[in-house]
Visitor: 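A single structure is presented below for examination.
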Amino acid sequence: MTSGMRYPFLDLRTVNERYLANLHEAADRVIDSGRYIGGEEVELFEQELAESCRASDAVGVSNGLDALRLIMTAWQELGWIRRGDGVIVPGNTFIASVLAVVHAGLRPVLTDPDYDTSCLTAEAIEKACEKDSGIRAVMPVHLYGRVAWDADIAETVKRCKLLVIEDAAQSIGAIATEPGLFGSRMAGALGHAGAFSFYPTKNVGALGDAGAVVTHSKELAESVRQLANYGSDRRYHSISIGFNCRMDPMQAAMLRLKLPDTRHANARRFERAVAYNNVIRHPLIRKPAISPQVTDCVWHQYVVRVTEGHRDELQQYLTANGVGTDIHYPIPPHSQPCFKELAHGDLPVSEQLASEVLSLPISDCTSVADAAAIGRIINEFKASEKK
């Protein structure tokens, strides 16, 4: 987030202004209910989220990281996967994707994404499985809101007999061009389970931390629900070594208010992305592709690649011209100090992306006219000569 900017990267107060009166009403409703853990607000949100994803079940949880962790822990409880099994994860994701695998006692197998889409490909999944016979699952990350799913991926995961856990933290409302394993085309419901984050900066953001698990398996949903509530199947009776990862009704009420606006919120972001793509004309800038199937990317971030080592210079230039930016993500997971044991991997694409990506403002606090103005500022950028 950036303050004091003519074009701030993100201003959550402005983003939430359109919902403000109803947010206050929702908060009053929860306060007056006297129910502050679980209850009707959470149950209704779970039903509404499952319906929107065309899935059988959803379980509200504490955040996106816990959603991922709970899925993989539940798989082990159900005997679908064993401790130490490998999970393919793209090497350019946010660290939470990898943390969840490790927290669940599984083994992250980092794999380079496609340079153009930033997402995993069927070819990468197949190569990883050929090298490592212990892989049992794959985590497509719908990075920046772009769906990491196609017919080739569907065929590959079936042939390799992989469980599919979607990191859908950035992609609520995105629709794949091909159906998932159980018929739904909605991000989060393409594989065996999907994890959403409702962190305040997301396209559908809570006013605190929140997340959800979506699945077509009632058995998995029940296991996740138990694990998230101290491993208990009834009060004071724990059948698993569980956690405290519940969604609170205040966040559920806020999200119930925003969920129906998902399609319109994503359409507003798409308008900004189109404005950027129409205006930006700079030889050092690679723009993200806009697919004819416009719903397969919900533009959680609009990320350009700045080539020839000029990313940091462009970011400084934009800051000086009142444009807030961010980098998603400057240090890939295998280069983080906490994952030194992963540093042996050969991930040139992930490392190149980390050195080139730059996120431009695209939320509701950025108008279409703002996006066009930012594009013109970028076009005026004069890069220094590299020695």
Side-chain angles (χ1 to χ4, degrees), residues 1-2 5 7-12 15 63-65 68 89-100 110-120 139-148 166-172 174 187 195-205 209 211 266 269-270 272-273 276-277 280 285-290 297-307 310-316 318-319 323-336 339 347 349-366 371 374 378:
M1 300 180 197
T2 310
M5 289 283 183
Y7 304 106
F9 182 73
L10 182 62
D11 179 350
L12 290 176
V15 168
N63 54 66
L65 169 59
L68 290 167
V89 184
N92 62 320
T93 187
F94 181 53
I95 197 169
S97 308
V98 184
L99 287 173
L110 297 182
T111 306
D112 256 344
D114 175 72
Y115 177 72
D116 291 326
T117 66
S118 298
C119 294
L120 276 181
M139 184 187 294
V141 177
H142 306 314
L143 197 65
Y144 310 143
R146 189 178 299 277
V147 178
E166 295 170 73
D167 185 336
Q170 301 180 359
S171 62
I172 189 165
F196 286 106
S197 168
F198 301 107
Y199 187 73
T201 62
K202 296 297 192 288
N203 294 32
V204 177
D209 257 328
N266 291 342
R269 288 174 178 263
F270 173 75
R272 278 75 173 163
Y276 278 130
N277 270 34
I280 295 175
I285 305 296
R286 287 181 59 115
K287 298 175 290 187
I290 294 182
C297 183
V298 295
W299 300 99
H300 173 61
Q301 302 294 347
Y302 180 90
V303 180
V304 297
R305 284 82 179 274
V306 188
T307 61
H310 292 286
R311 191 268 308 280
D312 294 346
E313 187 181 359
L314 174 60
Q315 185 177 37
Q316 293 166 9
L318 289 173
T319 299
V323 180
T325 61
D326 206 343
I327 298 173
H328 299 91
Y329 300 97
I331 305 174
H334 71 279
S335 297
Q336 297 284 353
F339 284 134
L347 300 166
V349 176
S350 299
E351 292 174 2
Q352 182 178 356
L353 290 171
S355 71
E356 292 182 350
V357 293
L358 186 66
S359 300
L360 303 180
I362 196 167
S363 73
D364 274 342
C365 66
T366 303
I374 294 167
I378 289 172

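All heavy atoms count here, side chains included; hydrogens, waters and symmetry mates do not. By convention here, the first residue in the shown sequence is residue 1.
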Visitor: Within a strict 4.5 Å, meaning less than it, do heavy atoms of the V304 and P288 side chains meet?
Guide: yes
Visitor: With distance as the sole test, does N63 use its side chain to make a donor-acceptor pair with the main-chain N or O of G211 at under 3.5 Å?
Guide: no
Visitor: Listed by chain and number, what are the side-chain contact (heavy atoms from CB on, under 4.5 Å) partners of P333, not counting sequence neighbours?
Guide: T93, V98
Visitor: Applying ring-ring contact (aromatic ring centres under 6.0 Å, His included), name anything that partners F196, two or more places apart in sequence or on another chain.
Guide: none
Visitor: Going by the rule side chain to side chain donor-acceptor pair (under 3.5 Å), which residues pair with S197 if we only count those two or more places apart in sequence or in a different chain?
Guide: none
Visitor: Not counting sequence neighbours, which residues clear side chain to side chain donor-acceptor pair (under 3.5 Å) with R311? List them please.
Guide: none
Visitor: Identify, with sequence neighbours excluded, every residue that meets side chain to side chain donor-acceptor pair (under 3.5 Å) alongside D167.
Guide: S97
Visitor: Who pairs with R305 by salt bridge (Lys or Arg N to Asp or Glu O under 4.0 Å), at least two apart in sequence or on another chain?
Guide: none
Visitor: Among residues at least two apart in sequence or on other chains, which ones pass ring-ring contact (aromatic ring centres under 6.0 Å, His included) with Y329?
Guide: F94
Visitor: Is a side-chain N or O of N92 found less than 3.5 angstrom from the main chain of P113, in a donor-acceptor match?
Guide: no
Visitor: Checking I95 now: which residues fulfil side-chain contact (heavy atoms from CB on, under 4.5 Å) with it, not counting sequence neighbours?
Guide: L99, Q336, C338, F339
Visitor: Is there a side-chain contact between F270 and I290 in this structure, where contact means two heavy atoms from C-beta onward sitting under 4.5 Å apart?
Guide: yes
Visitor: Under the rule for ring-ring contact (aromatic ring centres under 6.0 Å, His included), what residues qualify as partners of Y276, not counting sequence neighbours?
Guide: Y302
Visitor: My understanding is that only residues two or more places apart in sequence, or in another chain, count here; which of them pass side chain to side chain donor-acceptor pair (under 3.5 Å) with Q352?
Guide: E356
Visitor: Just jot down the salt bridge (Lys or Arg N to Asp or Glu O under 4.0 Å) partners of D209, sequence neighbours excluded, or say none.
Guide: none
Visitor: Say you draw a straight line from CG of D326 to CG of L360; how long is it, rounded to the nearest 0.5 Å?
Guide: 10.5 Å
